Novice: 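Shown below is the structure under consideration.
Quick caveat: nothing in here was measured; it's all calculated off a predicted structure.
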Amino acid sequence: MARPKTGLPTKQKMCLTVSSEVRDCLERISQARQQSISEIVSQYALQEDKKLNRKQSREQTKGEKA
């Protein structure tokens with residue numbers, strides 16, 4: 001039997017090249033958090049994007065005040 005369609009968009013695949021040390025670190029984090037490496041990388045990217053957006057908005061605010 002076929003699986004029902006969820007309607008969610010298909011996730012894009014990405015190939016990352018990392019050292020064996022980084023791979024080991026990601027695997028340990030993955031096991032400790034009970035999350036996949038993909039989920040961990042996704043969360044990190046979203047957090048960094050938020051930081052970048054906050055920083056850019058602060059710089060724009062400073063530029064408008066000057």
Novice: Do you know which two heavy atoms are closest between I40 and I29, and how far apart they sit?
Specialist: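 Smallest heavy-atom distance, with atoms named: CD1-CG2, 3.5 Å.
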Novice: Under the side-chain contact (heavy atoms from CB on, under 4.5 Å) test against N53, which residue among K55, K51, Q56 passes?
Specialist: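 For N53, the side-chain contact (heavy atoms from CB on, under 4.5 Å) test succeeds with only one of K55, K51, Q56, which is Q56.
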Novice: Should we count CD of E59 as having more than 12 external heavy atoms under 6.0 Å?
Specialist: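 Yes - once you tally the heavy atoms of other residues, nucleotides and ligands closer than 6.0 Å, there are more than 12.
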Novice: Could you tell me whether a side-chain N or O of S30 sits under 3.5 Å from a main-chain N or O of L26, the two making a donor and an acceptor?
Specialist: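 Pair absent, no side-chain N/O of S30 close to backbone of L26.
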Novice: For the OG atom of S42 and the CD1 atom of I37, what is their distance to the nearest 0.5 Å?
Specialist: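 Between atom OG of S42 and atom CD1 of I37 there are 11.5 Å.
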Novice: Quick one: side chain to side chain donor-acceptor pair (under 3.5 Å) partners of Q35, sequence neighbours excluded?
Specialist: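 Listed in chain order: nothing, the list is empty.
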